[in-house]
Amino acid sequence: MSLLDKASLIISPNGYSNGKLYAAKPTDGSGDLVWSRAGTKTRVNPEWLVEDLPYNLLKYSESLSNPSCWVSNHPVTTSTERSPIGYGVVGKFESVANTYTYTFHTPPAVSGSFNNSIYLKKDVGQEWVILQIWFGGGGQGINVWFNLDTGLIGTSNSTYPGWVLNDVQVESISNGWHRVSISGTTNSQAYFMISPTDSDGLFSYTNILGKSFFVFGAQMTRGLDLKPYLKTTDRLNIPSIDFTGGGCPSILVEPQATNLIRQSESLDTPVWVRLGSDVIANSTLSPSGILNADTFSGNGANSYVQLSQDNITLTATTYRFSVFVKKNTGSFFTTFFQSFASATGTLISKFDLNNGTTTTSGAEIINYGNGWYRCISAPVTINALDLVGNIQLFVTPDMVTVPFPTLADANGKSVFLYGAQLETGSVATSYIPTTSATITRVADAAENIPSTSLFNQSEGTFCFDINYKTHTGVLNVFHSIRTAVNQNFILEYIKSNGEVGADFYLNASYSFSLSTITLLTENSINKLAIRYKAGEYAIFLNGAKKSSNSSLTSPSISLAKNVFTPSLNGSYNSYVYFPLALSDAELIALTGETFNTYEEMASFYNYVIQ
């Protein structure tokens, strides 16, 4: 029998849907986490690329008349037709007059390279359909005529200045369905429009009355490549399953954060000030896999190769700056919080792009593959007496000096840049894209109210496998078990210095605490277990028993709500609950092993992956 067979609840980076992270055990839904985040974010996907979450930028992808985002002069009705993927809701587009009939999606806040796709099938009579990446006036934009009878593309063109049609592809699917995808580039936000027409190459509607066709699965993604269809509703509350660093995924529960850098992906714009440097936009593939990273290069006019955002007004708190960097002809990179008088911390952070290392205490460099690193400055605390300063970036000759010895040495020394971010706090969070204004990503929250069969109120064990980043200097509660009235409950937290603690509240009053004394290991996997039972309270960390209480007898813990808060400063590899007090030997073994894959873990515990 495996030790994990004794568990009643296992949460891992498992399947998910809108507002739900499914438990690996049990599978009846009673242990699933309800996920809330009233906004979108980015994550690192299984291909190790930064992507939008969700990556389908269109809302209500199977409800093409939803008034919150789709504008129609004739509703797309729900059909009983079977979808091309075997599930989901198919829409029926039927013209009721010989007049211009359409449905279009209001523009997502994105421009640049894109891929739009939709599934189409002929119903009654309608032969030609126009798919438009539409500017918003007349027929201006990218236009593609598609023949529902033959499954072939007719005329295709781009009629708006600066908008480029890259390619049109058709995937023929069984039962008359076709998936049509259009890729290209725009320099402003665009609508996605579908409308019937009389013939190829024409905006004509004299013979469409009573004719119809089926639509399913509208999608728009960043980049030119077609991605698998992803259903959306409001695009909110999607769990963040993150693959940063490669290997196994983890569950990312993050606090609210604001990127204070404007034009985070457009470093050639005027908001970025150049000294002795030039910026070439969209010159290589970024960590998102899209051609939207910039080249930052010395031009020989100055021995400093410098780029900055100047006169940024901050508040008196701690900040971290981060940016994705890849070596080109330059191999060393530096960030500088400049002109913030009396700021404390390490203002200058230096990075070696050859080896993926930093010599700056408190700074981090994270490998994103294909030569890309996320360079994260050491934390800097701004003084209230001087809140205005500059964020400066440099290509440097080595890890010691900032200016090059001569103008000729500086000339042509370059790195690639993408995704600059400045945020409050001592931990860098997931990347937040910006354009002309700062952008705030709202906090994640995850909880469930499990069935009484999952939890034992008189004894049990909580086990956490976490990727921990760094000590924050403040106490952060990361998990709790509580009732609605907080009568009998447990709080688990990380102290300001990195110790793990657990407070036990009985009969609505504080009773006692346990603490590891030993600190969590920064930027590493840590395994933690908390056991509760009269006379057997204990806390274990990384293979050792750290604290216990054998004298206390207590009433039962009211295990009514399982709450994960966005204060971990890391991510969860797994959370396991046992409805019994595991032995010391079991918990030493359970917290003492680290695995790189689920297969390794299953083999160690003799557990069968279903």
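For reference, positions follow the sequence shown, starting with 1.
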Considering the options R43, Q421, R441, which one meets the side-chain hydrogen bond (donor to acceptor under 3.5 Å, both in side chains) requirement together with S430?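 Single pass found, and it is R441.
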Can you find a side-chain donor-acceptor pair between [X] and [Y] that sits under 3.5 Å?
X: S286; Y: S288; result: yes
X: N448; Y: D32; result: no
X: S17; Y: Y22; result: yes
X: S12; Y: N14; result: no
X: S30; Y: D28; result: yes
X: E254; Y: S240; result: no

Sub-3.5 Å donor-acceptor pair from the side chain of [X] to the main-chain atoms of [Y], do we have one?
X: E536; Y: A581; answer: no
X: D242; Y: V44; answer: yes
X: T381; Y: T317; answer: no
X: T284; Y: A293; answer: no
X: N456; Y: G460; answer: no
X: T346; Y: I348; answer: no
X: T434; Y: Q263; answer: yes
X: T591; Y: A529; answer: no
X: N542; Y: N526; answer: no

Who passes side chain to side chain donor-acceptor pair (under 3.5 Å) against [X], sequence neighbours left out?
X: T470; value: E522
X: Q219; value: none
X: S513; value: D503, Y510

Would you say K546 has more than 12 foreign heavy atoms packed within less than 6.0 Å of its NZ?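 Enclosed.
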Step through the shown structure and confirm whether more than 12 heavy atoms of other residues, nucleotides or ligands are within 6.0 Å of CZ on R262.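 No, not enclosed.
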Just checking Y577 against F455, ring centres under 6.0 Å apart?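 Distance test on ring centres: under 6.0 Å, yes.
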Can you tell me how far apart [atom1] ([X]) and [atom2] ([Y]) are? Round to the nearest 0.5 Å.
X: L33; Y: N562; atom1: CG; atom2: CG; answer: 6.5 Å
X: I261; Y: I312; atom1: CD1; atom2: CD1; answer: 4.0 Å
X: I365; Y: S349; atom1: CD1; atom2: OG; answer: 11.0 Å
X: T358; Y: L353; atom1: OG1; atom2: CG; answer: 10.5 Å

Heavy-atom check, side chain of [X] versus side chain of [Y], under 4.5 Å:
X: N467; Y: N573; result: yes
X: Y493; Y: V500; result: no
X: L387; Y: I382; result: yes

Pairs meeting criterion salt bridge (charged side-chain N to carboxylate O under 4.0 Å, His left out) with involvement of residues 442-454, two or more places apart: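 Counting only pairs at least two positions apart or across chains, the salt bridge (charged side-chain N to carboxylate O under 4.0 Å, His left out) contacts touching residues 442-454 are R37-D444, K41-D444, E447-K561.
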Any salt bridge (charged side-chain N to carboxylate O under 4.0 Å, His left out) pairs touching residues 360-374, not counting sequence neighbours?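 Sorted result for residues 360-374: R320-E364.
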Go through the structure and list residues passing side-chain contact (heavy atoms from CB on, under 4.5 Å) with [X], not counting sequence neighbours.
X: N354; value: K327, S331, F332, D352
X: N390; value: D310, N311, Q338, S339, Q392
X: L514; value: F504, F512, Y537, I539, S547, N549
X: I517; value: E499, S515

What residues, two or more places apart in sequence or in another chain, satisfy ring-ring contact (aromatic ring centres under 6.0 Å, His included) together with Y572?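 In terms of ring-ring contact (aromatic ring centres under 6.0 Å, His included), with neighbours along the sequence ignored, Y572 is linked to F564.
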Could I get the full list of ring-ring contact (aromatic ring centres under 6.0 Å, His included) partners for F464, not counting sequence neighbours?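 Checked F464 against ring-ring contact (aromatic ring centres under 6.0 Å, His included); matches are F478, H479, Y575.
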Between E586 and F540, is the side-chain contact (heavy atoms from CB on, under 4.5 Å) condition met? List the steps. CA-CA 11 Å; E586 288 174 319; F540 295 74; over 6 Å; no
Could you list all the ring-ring contact (aromatic ring centres under 6.0 Å, His included) pairs where at least one residue sits in residues 346-377, not counting sequence neighbours?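 The answer is F324-Y368.
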What is the minimum heavy-atom distance between R531 and L582, and which atoms define it?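 R531 and L582 have their closest heavy atoms at NH1-O, 2.8 Å.
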Minimum heavy-atom separation for S264 and N259, please, with both atom names.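 That closest heavy-atom pairing would be CB-ND2, 3.9 Å.
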Between V323 and Y418, does a side-chain contact (heavy atoms from CB on, under 4.5 Å) hold up when you go through it step by step? CA-CA 6 Å; V323 63; Y418 170 80; over 6 Å; no
